[in-house]
Amino acid sequence: MSDCIFCKIVRGEIKVDFLYESDKVVAFKDIRPLAPIHYLIIPKEHIPSMNDISKDQQSLLGEMLLCATELAKEAGIDQGGYKLLIRTGNHGGQEVPHIHLHLIGGARLSEGIRAINS
Ligand code: 5GP
Ligand code: ZN
């Protein structure tokens with residue numbers, strides 16, 4: 001999808017430093033970090049949300065998760081702990097319609113997952 005902001009990042013039309021790059025996945029820093037470490041791990045392919053994942057994309061999700069654990073080690077936050085998050089759709093609070101895995105850590109994190117009005 002040409003006007004997708006994360007596709008533009010993948011194509012190099014928006015310049016960011018990649019923390020990881022393979023033929024299928026890239027990772028880079030979130031522009032509005034919620035914690036000292038806040039990275040986004042995304043597929044190069046435009047996949048709008050987890051609702052669009054098919055069985056033959058299991059290995060892609062595995063690569064994204066392993067990328068996150070490797071980056072957590074590299075950043076030195078693995079032992080302290082971190083949060084991995086994939087928001088999906090309106091109720092999930094997804095802002096950018098291109099799957100992205102958040103790696104958030106470097107400080108103790110708030111719970112931040114309770115439903116509104118519950
Ligand atoms: P969501 O709310 O969809 O799970 O997360 C989208 C994330 O993308 C947000 O944390 C937001 O700060 C980040 N983001 C949005 N636009 C850009 C951008 O142009 N560059 C980078 N590096 N991050 C972005
Ligand atoms: Zn996209």
Side-chain angles (χ1 to χ4, degrees):
M1 201 204 250
S2 59
D3 60 351
C4 166
I5 199 151
F6 286 175
C7 284
K8 286 183 180 170
I9 286 174
V10 169
R11 291 196 298 263
E13 292 165 23
I14 296 173
K15 296 282 173 217
V16 302
D17 289 331
F18 290 148
L19 305 163
Y20 172 90
E21 180 172 15
S22 73
D23 56 337
K24 293 198 168 60
V25 171
V26 292
F28 49 90
K29 288 183 179 172
D30 196 293
I31 205 167
R32 282 174 288 160
L34 299 173
I37 298 292
H38 188 170
Y39 300 161
L40 300 173
I41 297 105
I42 72 169
K44 283 186 169 174
E45 182 185 347
H46 181 82
I47 306 171
S49 87
M50 289 299 288
N51 289 330
D52 304 294
I53 281 285
S54 57
K55 266 199 166 173
D56 61 358
Q57 288 166 316
Q58 281 187 71
S59 66
L60 173 67
L61 295 177
E63 181 182 345
M64 289 168 63
L65 285 167
L66 284 174
C67 173
T69 60
E70 284 300 317
L71 289 173
K73 277 187 203 131
E74 275 176 31
I77 62 166
D78 53 322
Q79 294 307 309
Y82 50 83
K83 199 179 274 194
L84 296 175
L85 173 68
I86 302 179
R87 294 192 168 106
T88 301
N90 183 28
H91 283 183
Q94 184 179 4
E95 189 187 307
V96 178
H98 179 135
I99 290 179
H100 45 285
L101 171 64
H102 295 257
L103 166 63
I104 308 168
R108 186 152 174 78
L109 305 169
S110 63
E111 212 173 294
I113 52 170
R114 281 206 184 88
I116 295 169
N117 298 329
S118 72

For Q94 and S49, test the side chains for any donor-to-acceptor distance below 3.5 angstrom and give the result as yes or no.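 No pair is found: no donor N or O on one side chain lies under 3.5 Å from an acceptor on the other.
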Quick one: pull up [atom1] in [X] and [atom2] in [Y] and give me the separation to the nearest 0.5 Å.
X: S54; Y: I47; atom1: OG; atom2: CD1; answer: 7.5 Å
X: I86; Y: L40; atom1: CD1; atom2: CG; answer: 11.0 Å
X: Q57; Y: M64; atom1: CD; atom2: CE; answer: 10.5 Å

ILVMFWY network linking [X] to [Y], side-chain heavy atoms under 4.5 angstrom:
X: L34; Y: Y39; result: no
X: L65; Y: L19; result: yes
X: L60; Y: I9; result: no

Quick check: closest heavy atoms across D3 and K8, and the distance to 0.1 Å?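 Smallest heavy-atom distance, with atoms named: CA-CE, 4.1 Å.
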Review item, side-chain donor-acceptor pairs of residues 96-107, under 3.5 Å, at least two apart:
residue, atom, partner, partner atom, Å
H98, ND1, H46, ND1, 3.4
H98, NE2, P43, O, 2.8
H98, NE2, E45, O, 3.4
H100, ND1, H98, O, 2.6
H102, ND1, H38, NE2, 2.8

Taking only distance into account, with no hydrogens and no angle test, what donor-acceptor pairs under 3.5 Å do side-chain atoms of residues 67-78 form with protein atoms, sequence neighbours excluded?
residue, atom, partner, partner atom, Å
T69, OG1, L66, O, 2.9

For E13, I'd like to know if atom CD has over 12 heavy atoms of other residues, nucleotides or ligands within 6.0 Å.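 Buried by this count: over 12 neighbours within 6.0 Å.
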Near D56 CG, under 6.0 Å, is it more than 12 heavy atoms from other residues, nucleotides or ligands?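 Yes.
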May I have all residue pairs that pass ring-ring contact (aromatic ring centres under 6.0 Å, His included) and include part of residues 12-32, sequence neighbours excluded?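 ring-ring contact (aromatic ring centres under 6.0 Å, His included) check on residues 12-32 returns F6-F28.
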Would you list the pairs meeting salt bridge (Lys or Arg N to Asp or Glu O under 4.0 Å) in which at least one residue belongs to residues 21-31, sequence neighbours left out?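 Of all non-adjacent pairs touching residues 21-31, those that pass salt bridge (Lys or Arg N to Asp or Glu O under 4.0 Å) are E21-K44.
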Which pairs pass salt bridge (Lys or Arg N to Asp or Glu O under 4.0 Å) with one or both residues in residues 79-97, sequence neighbours excluded?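 Checked against salt bridge (Lys or Arg N to Asp or Glu O under 4.0 Å) - neighbours excluded - the pairs reaching residues 79-97 are R32-E95.
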Passes side-chain contact (heavy atoms from CB on, under 4.5 Å), V25 versus I42? Steps please. CA-CA 6 Å; V25 171; I42 72 169; over 6 Å; no
Answer yes or no: is there a side-chain heavy-atom contact under 4.5 Å between I53 and M50?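 Yes; the side chains approach each other to less than 4.5 Å.
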When Ile, Leu, Val, Met, Phe, Trp and Tyr are grouped by side-chain heavy atoms lying under 4.5 Å apart, directly or through other members, which residues fall in the same group as I113?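 Members other than I113 - counting any ILVMFWY side chain reachable under 4.5 Å - there are none.
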